[in-house]
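So the structure is just underneath, and the comments pick up after that.
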Amino acid sequence: MSELPLRKVGDFIFGIDRDVNRGMNSGALIFASEDLVQKAMSDGSIEQLVNVTKLPGIVGPAIAMPDIHLGYGFPIGGVAAFSYDDGLVSPGGVGYDINCGVSLLSIPITQSTFASKRKEVIDALFQRIPSGVGTKGKLDLSRQQLASVMTEGINWVIENGMGDAMDVDHTDELGKFGEAEVSKVSPAATGRGMKQLGTLGAGNHFVEIQRVSRVFDSKIASAFNLSENNITAMVHTGSRGLGHQVATDYIEKLLRSGSNQLPDRQLVFARNGERLFDDYIGAMQAAANFAFSNREIIIDQIRRVFAKAFNLEYEDMRIVYSISHNLARVEEHEVEGKKTRLIVHRKGATRAFPPGRKENGSLFKLTGHPVLVPGSMGSDSYVLVGEKKNMELTFGSSCHGAGRVISRHKAMETLNLSRVSEELNEKGVYLKTASRKVIQEEAPGSYKQIEQVIRSIEGAGISRSVVSLSPLGVIKG
DNA sequence: ATGTAC
């Protein structure tokens with residue numbers, strides 16, 4: 001491919017114009033600093049973004065967030081909207097970890113109280129929350145129970161004593177997609193899910209205990225139940241083997257059906273009107289409900305550990321929000337002055353609806369809902385809130401994390417295990433991992449600097465910071 | 001990300 005004609009179109013905004021000679025059906029927009037856009041140009045992810053513009057039925061530009069990097073077909077850190085009526089859904093635009101996302105719990109103790117029991121609490125979390133590749137959970141559900149989880153989402157978890165009724169309003173989509181179709185999930189996927197509910201997984205998935213280190217907007221911070229030096233717990237995980245199997249199953253089915261003309265076979269899709277379109281959406285929503293429930297159960301374990309260690313009431317530990325960053329969703333957006341139904345694919349990108357959107361939980365209709373952005377291991381995380389402007393610019397989306405800069409393989413080759421461990425120790429972060437290699441693979445040096453990502457997002461006017469969170473301890477697969 | 005390979 002000849003060099004892509006990137007041009008600056010605004011502060012922290014770059015564009016690639018539609019070029020029919022390249023087969024593009026729309027342009028592309030990249031929200032990033034000069035430095036981050038150069039990183040994206042060199043790793044091949046912008047080329048992936050341009051491939052997405054070649055798909056039929058795309059509406060508006062293909063969008064890249066500053067944390068963009070290479071993914072399966074679609075880049076991670078990308079947003080692409082398609083017409084609902086004559087558009088498509090693509091499993092690669094959702095990702096293998098369906099409804100991967102982040103939950104944040106506010107715990108009403110201060111840093112100094114936590115410090116006295118830090119090691120004991122982190123060790124207890126590591127002991128109670130199964131972590132690592134292929135790990136089984138303690139629940140071991142029947143097929144019938146798993147079907148309820150996939151249909152009812154966190155409502156099932158709460159009814160079974162592992163959550164608080166108030167959590168529903170603080171979970172994206174109220175913790176349940178209504179068109180989940182259990183019958184569209186294969187027996188192989190179901191079998192993996194039965195053993196894995198309530199498990200963390202591996203790679204970049206984690207539970208982190210943090211303190212609120214800086215408050216940028218005290219009014220919204222207090223509405224979100226966050227104040228300086230108060231303790232938070234952040235969970236990053238998704239739909240585990242179940243979602244992975246759903247993605248594998250449908251990508252395979254779509255490739256076998258083989259009717260699409262594709263710029264890259266990893267972009268394989270189903271058009272609205274085809275059987276696999278409805279089947280995939282039903283299965284994706286079932287996996288999404290599993291992922292919401294998985295995070296809710298891990299939050300329950302965290303609440304139990306803290307209730308015991310600090311003599312707290314379960315209900316005093318409030319979920320700030322539980323957000324999704326790997327989904328395709330049917331939403332209404334204004335397109336050229338007309339309300340239009342779209343399927344918005346966000347892969348490694350979060351929804352960040354500003355105040356006023358009906359989808360937001362009741363509190364968040366006033367404030368906009370929280371955008372949870374974890375930094376790399378050992379660096380700060382951020383809570384942001386969507387700005388009105390992002391409805392026009394990004395279909396109401398924001399970034400999802402720091403974004404990798406070097407591959408897992410390269411991290412193992414170039415980073416030194418003991419040096420990374422020492423650096424985390426010096427920063428005052430207590431780390432427990434199920435495997436050793438994850439320390440290098442997920443080292444801060446494998447990722448972009450979160451501050452650069454946040455500066456880009458704020459500079460482009462998509463979202464603004466509410467608080468930063470600094471890590472005190474972390475458990476990982 | 002993932003019972004890290006069909």
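Keep in mind that the numbers below use all heavy atoms, side chains included, and drop hydrogens, waters and symmetry copies. Lettering of chains follows the sequences in order, A, B, ..., and the numbering in each one begins at 1.
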If you look at every heavy atom in A:Tyr250 and A:Pro91, which pair is closest and at what distance? CB-CG, 4.4 Å

Between B:dT2 atom C1' and A:Asn99 atom CG, what is the distance in whole Å? 17 Å

Name all residues meeting the side-chain hydrogen bond (donor to acceptor under 3.5 Å, both in side chains) criterion together with A:Gln452; count only those two or more places apart in sequence or in a different chain, and write none if there are none. A:Asp35

Over how many whole Å does the gap from A:Asp97 atom CG to B:dT4 atom P extend? 16 Å

Please report, rounded to the nearest Å, how far the P atom of B:dT2 is from the CD atom of A:Glu441. 12 Å

Using a 4.0 Å heavy-atom cut-off across all strands, classify A:Arg408 as base, sugar-phosphate, or nothing. base

Touch class at under 4.0 angstrom, heavy-atom based, for A:Ala247 against every strand present: nothing

Checking all strands, does A:Lys347 fall into the base, sugar-phosphate, or nothing category for heavy-atom contacts under 4.0 angstrom? nothing

For A:Pro471, is there any backbone N or O sitting under 3.5 Å from a side-chain donor or acceptor partner on A:Gln210? no

Are A:His325 and A:His236 close enough that their ring centers fall under 6.0 Å? yes

Rounded distance (Å) that lies between atom C1' of B:dT4 and atom NE2 of A:His205: 14 Å

Starting at atom CD of A:Gln440, determine the distance to atom C1' of B:dT4, rounded to an integer number of angstrom. 17 Å

Taking CE from A:Met412 and P from B:dT4, how many angstroms apart are they, rounded to a whole number? 17 Å

Euclidean distance, atom CD of residue A:Gln245 to atom P of B:dT2 [Å, nearest integer]: 13 Å

Base, sugar-phosphate alone, or nothing: which one does A:Glu252 contact when heavy atoms must sit under 4.0 Å apart? nothing

To the nearest angstrom, the OH-P distance between A:Tyr72 and B:dT4 comes to 17 Å

